[in-house]
Visitor: 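My questions all concern the structure below.
Being a predicted model, the structure only gives us computed values, none of them experimental. So you know, we letter chains A, B, ... as the sequences are listed, proteins then strands, and number each from 1.
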Protein chains: 2
Amino acid sequence: MGFSSKAAATKTPSRKARGEGHTRRDEILAAAKALFLEEGVRATTIRRIAERVGVSAPALYLYFKDKDSILIELCDRIFARLLARLEEIEREPLPAGQRLRRMGEAYIRFGLEHPDEYRITFLEATAPEPVRFTGHRTDTSDLSRPGAKGALVFSKIVQVYEAVAKEGTRLPYPPVTCAELSFLACHGLVAALIAEPDFPWSDRETLIRGMVEASVRGVVPTL
Amino acid sequence: MGFSSKAAATKTPSRKARGEGHTRRDEILAAAKALFLEEGVRATTIRRIAERVGVSAPALYLYFKDKDSILIELCDRIFARLLARLEEIEREPLPAGQRLRRMGEAYIRFGLEHPDEYRITFLEATAPEPVRFTGHRTDTSDLSRPGAKGALVFSKIVQVYEAVAKEGTRLPYPPVTCAELSFLACHGLVAALIAEPDFPWSDRETLIRGMVEASVRGVVPTL
DNA sequence: ATTCGATATGAACAGTGTTAACTTAGCAGT
DNA sequence: ACTGCTAAGTTAACACTGTTCATATCGAAT
């Protein structure tokens, strides 16, 4: 049955001490993450991750289906932090309008702080190429896809808009549509600032505050 | 060492100075474009473009610096059409607020109609990896970069906001900042629908009209 | 002692963008 | 006619990429 801890057994004794509690899987994730913010996405290749872990490239395939799986898991772990942040805000005793603003700001700042993960989760198309019709299925989306955690984040905003409606404010669209509009506006700011960091944008703080405001009042003017 | 020239009989004496209609350069662009919308971005590779033109892969480098240059030129040509559309709208005798809405809608629809080109122009980071500080240069941006045409598009919106100000409406931010906020909100919608076409978004038309409205009234509530 | 299953490896495959060296064809000028 | 010169294209190769396959090692259970 269960074997305790990990079975060390590196064929070539790695000079770095194997910390307790690290599985090889975690090592890979950690190496990928480090490579990520030290040298950027472009440098984060299978062979370089493997090199960092001190292992050959095919070894990664014992723990991950393919390269995307590694990146997706990495991103999902980061996005879990955003989710936690939003749930914090959710618990604050604020009027719904204010909670909306706090969430918007938290979302934007998070995105700007994790540009690579944000890009992979929301900007990179992993959808198969020839598929272009928008299948409108409210199905149980498979959680392995990128954007799965993204969808969770999104659902938080829906909840707040439902709260807004419950407070008596009339919404011009269904809560889910309101949430999409607010979310997409903030998303636009993050996406553009990440993709075009060299463009001479206006002052970042002004843009953030302005977009938070616009994303709320643009959808529900009375908020 | 036989000079068994099974040589390409396609030695059309296409004097490029002659420039009647199709130069080889244009052929390459056309092939890339066709490949683009027949088989998607992923299939648009140097060798396959070359194959379509009926030429070897390295031949493309006689006309373009690298692969990106091909794609960028392709995108710029498409975006020139958007620019023309916006200039049409610019000439319509409408109140500035209405012109803003018309432009927003045109922008969004254009983006959704040309997802691949939009992605390359606005979503793909071609910025060198380690550069992450935002150099605030109002300079003569080099026109070869992707987003060069994008910047032109953007400047159109700035002009309209200046017209709004001139009409007497007080703006909460400088015109350029207003334009950025409006633009970025619309950009968010386009970017997300392109990147995640399978997500069960609300009705597309509702989102478009809603975002156009929000991108204007969110920034300038009295418009 | 042998089998088993997990872990890891080196070699290789089918791609990618790109560069180098070489071959032509066509056109000027002594 | 014979040089040169230039533009346009070629084949071969390089340095990568993600990924698969056949093989090896090794601790543990039978």
Side-chain angles (χ1 to χ4, degrees), chain A residues 1-14 16 18 22-28 31-32 35-36 39-74 120 124 126 128-129 146, chain B residues 1-19 22-28 31-32 35-36 39-74 120 124 126 128-129:
Chain A
M1 298 220 291
F3 52 89
S4 62
S5 192
K6 81 306 176 185
T10 35
K11 189 162 109 171
T12 62
S14 69
K16 73 167 72 171
R18 296 285 301 273
H22 293 176
T23 71
R24 183 117 287 183
R25 222 186 120 91
D26 288 331
E27 282 185 67
I28 294 171
L35 221 38
F36 231 74
E39 320 205 29
V41 227
R42 182 155 277 164
T44 307
T45 164
I46 289 279
R47 283 177 175 82
R48 301 197 43 172
I49 298 174
E51 182 190 23
R52 272 220 181 195
V53 178
V55 107
S56 74
L60 303 203
Y61 289 85
L62 297 177
Y63 303 95
F64 296 92
K65 179 179 151 291
D66 51 17
K67 188 195 177 188
D68 280 344
S69 299
I70 301 180
L71 298 188
I72 290 171
E73 176 144 349
L74 202 58
I120 290 174
E124 224 109 285
T126 325
E129 295 280 2
Chain B
M1 53 182 57
F3 12 80
S4 62
S5 69
K6 60 181 176 188
T10 63
K11 272 304 179 125
T12 56
S14 63
R15 293 265 49 95
K16 84 175 174 189
R18 208 43 303 257
H22 72 300
T23 69
R24 183 118 287 181
R25 219 185 121 93
D26 288 331
E27 282 185 66
I28 295 171
L35 222 38
F36 230 74
E39 320 205 29
V41 228
R42 181 154 279 164
T44 307
T45 164
I46 289 279
R47 282 179 176 81
R48 300 194 49 171
I49 298 174
E51 182 190 22
R52 271 216 181 200
V53 179
V55 108
S56 73
L60 302 203
Y61 288 85
L62 296 177
Y63 304 94
F64 296 92
K65 180 178 152 292
D66 51 18
K67 188 195 178 188
D68 281 344
S69 300
I70 302 180
L71 299 187
I72 290 170
E73 176 145 350
L74 202 60
I120 290 175
E124 224 110 283
T126 325
E129 294 282 2

Visitor: Could you state the atom-to-atom distance from CG of L62(B) to P of dT6(D) in whole Å?
Guide: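 It is 16 Å, rounded to the nearest whole Å.
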
Visitor: Can you figure out which of dA8(C), dT19(D), dT20(D) approaches the side chain of P58(A) most closely?
Guide: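 The answer is dT20(D), which lies nearest to the side chain.
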
Visitor: Test: salt bridge (charged side-chain N to carboxylate O under 4.0 Å, His left out). Region: residues 44-58 of chain B. Which pairs qualify, not counting sequence neighbours?
Guide: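 Pairs touching residues 44-58 of chain B that pass the test: E38(B)-R52(B), E39(B)-R48(B), E39(B)-R52(B).
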
Visitor: Distances under 3.5 Å between protein N/O atoms and the N/O atoms of nucleotides 16-18 of chain D, please, pair by pair.
Guide:
residue	atom	partner	partner atom	Å
dT17(D)	O3'	T45(A)	OG1	3.4
dG18(D)	OP1	T45(A)	OG1	3.2
dG18(D)	OP1	I46(A)	N	3.3
dG18(D)	OP1	K67(A)	NZ	3.1
dG18(D)	OP2	T45(A)	OG1	2.3
dG18(D)	OP2	I46(A)	N	3.1
dG18(D)	N7	R47(A)	NH1	2.8
dG18(D)	O6	R47(A)	NH2	3.0

Visitor: With a 3.5 Å cut-off and sequence neighbours excluded, list the donor-acceptor pairs that the side chains of residues 53-64 of chain A form with protein atoms.
Guide:
none

Visitor: What's the separation between atom CD1 in I28(B) and atom CD1 in I46(B), rounded to the nearest 0.5 Å?
Guide: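 CD1 of I46(B) is found 9.0 Å from CD1 of I28(B).
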
Visitor: Using five base pairs at each end, measure the axis-to-axis angle across the helix from dA1(C)-dT30(D) to dT30(C)-dA1(D) and round it to 10 degrees.
Guide: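 Angle reported: 40°, given to the nearest ten degrees.
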
Visitor: In whole Å, what is the span from the CD atom of E51(B) to the P atom of dG15(C)?
Guide: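 Computing the E51(B):CD to dG15(C):P distance gives 12 Å.
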
Visitor: Mind checking if F64(B) touches a base, just sugar-phosphate, or nothing, with heavy atoms under 4.0 Å?
Guide: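 If one applies the 4.0 Å heavy-atom cut-off, F64(B) turns out to touch nothing in the nucleic acid.
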
Visitor: Considering all heavy atoms of both residues, which atom of I70(B) and which atom of A32(B) are nearest to each other, and what is their separation?
Guide: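 For I70(B) versus A32(B), the nearest heavy atoms are CG2-CB, 4.1 Å.
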
Visitor: So, is Y63(B) near the phosphate of dG9(D), with a side-chain N or O under 4.0 Å from OP1 or OP2?
Guide: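 Yes, such a contact exists.
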
Visitor: Please give, in whole Å, the distance from dT19(C) C1' to K65(B) NZ?
Guide: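 Distance check: K65(B) NZ to dT19(C) C1' gives 14 Å.
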
Visitor: Whole-Å distance between dT19(D) P and L60(A) CG?
Guide: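 About 10 Å, once rounded to whole Å.
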
Visitor: When rounded to the nearest 0.5 angstrom, what distance separates CD1 in I120(B) from OG1 in T44(B)?
Guide: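 The CD1 atom of I120(B) sits 7.5 Å away from the OG1 atom of T44(B).
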
Visitor: With respect to the phosphate group of dT10(D), does any side-chain polar atom (N or O) of S56(B) fall under 4.0 Å of OP1 or OP2?
Guide: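 Checking dT10(D) against S56(B), a side-chain N or O does come within under 4.0 Å of OP1 or OP2.
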
Visitor: To the nearest Å, how far apart are D68(B) CG and dT16(C) C1'?
Guide: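 Answer to the nearest Å: 13 Å.
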
